[in-house]
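All heavy atoms count here, side chains included; hydrogens, waters and symmetry mates do not. Just so you know, residue 1 is the first one in the sequence shown, and it goes up from there.
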Amino acid sequence: MKILAVTSEAFPLAKTGGLGDAVSGMARALHAAPGASIGILMPAYRGVLEQLPNAREVARFTDLPGGPARLLMAPCAALGGVPVLLLQNDALYDRDHLYVDASGREFADNPLRFGALAHAAVQIAAGRTRLPRPDIVHAHDWHAGLVPLLLREAGLHDVKSVLTIHNMAFQGVYDMDWAESLGVPEKYLTWDGAEFWGKLSFMKAGLRYADRITTVSYTYAREILTERFGCGLQGLLAARQHELLPVPNGIDAREWDPATDPHLGIYRYSAGEMANKSRNKCELQRRFGLNIDSNAPLLVMGSRLTHQKMADVALHAVQRALDDHPELQVAVLGQGEHALEQEFQRLPHRYPGRCGVRIGFDEDAAHKLHAGADMLLHGSRFEPFGLTPLYAMRYGTIPIGSCVGGMADTISDMGASAGRDAMRSATGVLFDGETVDAMAAAITRTLGLYRRPEIWRAMQHRAMSTDFSWERAAPLYLTLYRSIQPPRVVAESITPSDVTAHGRPSLLDQVSAAARPLLTGTSAGTLAAGAGD
Ligand code: ADP
Ligand code: GLC
């Protein structure tokens with residue numbers, strides 16, 4: 001079975017957040033799994049070709065939106081050899097940043113940039129290049145949202161599509177005038193098509209026409225059926241909920257492993273040998289201008305400083321915690337909304353030696369942050385999955401997260417009422433709501449656990465040894481792909497054990513089983529009724 005993943009980001013080639021990590025981790029695991037061959041199609045942004053010096057031209061496109069483009073291909077060693085297809089059109093992609101200009105404004109031609117990517121995917125699917133035709137095209141987020149619509153328009157019914165929602169909050173909604181130059185015919189520009197409040201929505205195009213839709217966590221799959229989390233598309237999602245499945249992300253357990261992490265230099269450690277964690281802590285304190293003290297509880301934040309990540313709330317909760325707990329230290333690594341960045345930068349002056357802030361995006365610093373910290377503060381108003389708290393856990397750093405989305409699924413907290421001893425089998429602390437009080441109370445509760453070293457060690461151990469690897473998560477995608485694979489592939493690859501006595505592929509049942517938690521505690525009818533529009 002041949003899969004073409006279409007994405008805007010893939011780590012380490014291009015990354016602004018979790019999307020790049022998730023696509024790469026998934027592709028790497030699928031590449032290693034028997035029975036599937038996967039390639040990644042993404043733009044040749046500035047600096048990407050330098051990372052794949054062996055890339056060679058495999059096709060030329062003359063009729064893509066935005067002008068002629070070349071397609072280059074190379075196996076990516078950093079991804080375990082996954083073939084990467086780069087769409088090169090320097091006028092569209094050779095820029096300083098992926099999505100925004102130097103002043104943070106979205107590029108005006110983003111519809112063209114990602115429309116061209118979708119058209120390239122469809123040309124590959126149609127067999128207009130020398131590359132083998134894929135059986136499944138897996139579109140990631142709004143950037144690839146036009147793919148399912150264009151596959152349908154091209155009449156490619158023997159190529160199936162999956163759209164994975166990494167974040168409903170970003171939908172790629174543009175003026176209708178773009179439709180013509182993007183090759184989206186008028187018949188799709190209706191409320192039952194890709195039209196969204198008079199505009200053209202890339203995300204809606206994907207959700208409407210994909211054969212299957214997936215979310216990156218169980219809880220998010222339920223949440224997006226509601227008005228609060230559905231970002232205006234909850235009605236469409238409810239109508240398609242039988243094709244909506246949660247396939248939780250994993251993490252790249254090789255990339256994020258304190259026992260082998262090259263970012264930690266000689267101070268590597270593991271659940272069984274933790275001595276070096278406090279050396280990483282002193283190193284982190286030094287880098288962030290904090291007082292060097294291995295006993296001081298060190299709380300870190302490492303994420304986008306945005307409304308989604310509750311950075312506005314954290315700004316106040318962190319100050320309250322610093323005031324209430326004189327031993328506490330805080331280190332912040334992040335970038336995002338300019339006003340929030342500025343507010344955070346004032347904190348070190350207010351709390352000299354106790355609070356350090358670094359504005360910027362720095363992969364190396366992110367690894368060191370998780371290695372040196374005791375606890376990670378990760379508030380979110382919504383969190384489709386949330387890789388960061390899992391990275392923290394792997395480094396024995398206890399996450400304090402909002403009880404939403406993937407964090408509700410992956411962070412295990414017995415609750416304040418269960419008593420501290422029950423927390424031995426917890427991996428983090430969860431809080432409800434979006435208030436400073438709730439967040440500050442969660443920090444206080446976590447500090448209470450930190451002061452009980454026996455409980456803390458047990459939580460660290462549990463957090464570090466929980467398996468969230470992609471090797472565990474990726475087989476669900478294979479099951480999903482097989483359940484929709486076109487007849488030509490079924491005929492070629494199906495084995496007797498895949499078929500039940502009724503002649504129906506049992507893999508379908510496996511996918512339903514995977515989706516079952518989505519429906520736990522409620523009925524499909526209730527979900528639809530509650531979804532509204
Ligand atoms: P999201 O994709 O919503 O930002 P995730 O937690 O799933 O949230 O993924 C965030 C990814 O981006 C992680 O790999 C995290 O380490 C990384 N990241 C976020 N901010 C920074 C930063 N300032 N420097 C380095 N890496 C960062
Ligand atoms: C998005 C989400 C995040 C998720 C990531 C990878 O950026 O905000 O929660 O972990 O995608 O799927």
Side-chain angles (χ1 to χ4, degrees), residues 1-7 30 35-41 59 61 63-65 71 85 114-140 142-165 179 182-190 192-195 200-214 236-237 239-245 247 477-494 498-499 503-505 507-508 511-512 515:
M1 188 167 39
K2 293 182 275 304
I3 302 126
L4 179 66
V6 187
T7 179
L30 289 173
S37 80
I38 184 159
I40 294 176
L41 171 68
F61 300 115
D63 51 354
L64 295 189
L71 190 65
L85 294 159
F114 296 107
L117 185 70
H119 274 275
V122 173
Q123 297 225 12
I124 296 168
R128 290 204 205 104
T129 69
R130 281 183 281 135
L131 300 166
R133 293 181 64 208
D135 305 300
I136 310 278
V137 181
H138 189 157
H140 291 275
W142 74 265
H143 316 99
L146 288 187
V147 171
L149 181 154
L150 295 173
L151 281 174
R152 169 180 287 226
E153 174 59 14
L156 296 172
H157 304 297
D158 62 343
V159 178
K160 300 297 174 186
S161 61
V162 176
L163 178 84
T164 291
I165 304 168
L182 295 176
V184 178
E186 219 170 309
K187 66 179 180 212
Y188 295 99
L189 306 177
T190 64
D192 188 32
E195 183 260 351
L200 169 65
S201 165
F202 278 47
M203 181 65 105
K204 191 174 173 193
L207 296 177
R208 172 66 181 80
Y209 298 109
D211 291 295
R212 292 291 183 276
I213 302 164
T214 70
L236 170 57
L237 287 162
R240 296 219 59 201
Q241 66 178 284
H242 297 296
E243 290 99 18
L244 171 67
L245 308 165
V247 182
Y477 275 115
L478 280 181
T479 307
L480 167 62
Y481 298 148
R482 287 197 186 112
S483 76
I484 54 168
Q485 63 193 350
R488 63 190 154 102
V489 185
V490 178
E492 281 162 25
S493 68
I494 205 154
D498 288 334
V499 183
R504 178 167 168 243
L507 291 164
L508 277 177
V511 174
S512 315

Item to complete: With rounding to the nearest 0.5 Å, note down the distance linking CD in Gln123 to CG in Leu150.
Response: 10.0 Å

Worksheet, complete the sentence: Interatomic distance, CD1@Ile124 vs CG@Leu41, rounded to 0.5 Å, equals 5.0 Å

Practice prompt. Identify, with sequence neighbours excluded, every residue that meets side chain to side chain contact (heavy atoms under 4.5 Å, CB included) alongside Glu195.
Written response: Met176, Trp191

Worksheet entry | Main-chain N/O of Leu207 paired with Arg240 side-chain donor or acceptor, under 3.5 Å | yes

Worksheet item: Leu64 and Ala120: which non-hydrogen atoms are nearest, and at how many Å?
Response: CD2-N, 3.9 Å

Worksheet item: Can any side-chain N or O of Arg128 pair as donor or acceptor with the backbone N or O of Phe61 at less than 3.5 Å?
Response: no

Practice prompt. Could you tell me how the ring of Tyr477 sits relative to the ring of His138: parallel (under 30°), tilted (30 to 60°) or perpendicular (over 60°)?
Written response: tilted

Worksheet item: So, for Phe114 and Trp142, which heavy atoms are closest and what is the spacing to 0.1 Å?
Response: CD1-CH2, 3.6 Å

Worksheet item: Got a donor-acceptor contact below 3.5 angstrom from the Lys187 side chain to the Val184 backbone?
Response: no

Fill in: CG on Leu163 to CG on Asp211, rounded to 0.5 Å
11.0 Å

Practice prompt. Taking His119 for its side chain and Leu182 for its backbone only, find out whether a donor-acceptor pair lies under 3.5 Å.
Written response: yes

Item to complete: Take Leu146 and Val122 through the test side chain to side chain contact (heavy atoms under 4.5 Å, CB included) and record every step on the way to the result.
Response: CA-CA 10 Å; Leu146 288 187; Val122 173; over 6 Å; no

Discussion item. If I take atom CE from residue Met203 and atom CG from residue Leu236, how far apart are they, to the nearest 0.5 angstrom?
Written reply: 11.0 Å

Worksheet item: Could you give the distance from CD1 (Ile136) to CD (Gln485), rounded to the nearest 0.5 Å?
Response: 7.0 Å

Discussion item. Holding to ring pair (Phe, Tyr, Trp, His ring centres under 6.0 Å), I want the full list of residues that pass it with Tyr209, two or more places apart in sequence or in another chain.
Written reply: Tyr188

Item to complete: Answer yes or no: is there a donor N or O on one side and an acceptor on the other, between the side chain of Ser37 and the main chain of Lys2, under 3.5 Å?
Response: no

Worksheet entry | Arg133 side chain to Ala125 backbone, donor-acceptor under 3.5 Å | yes

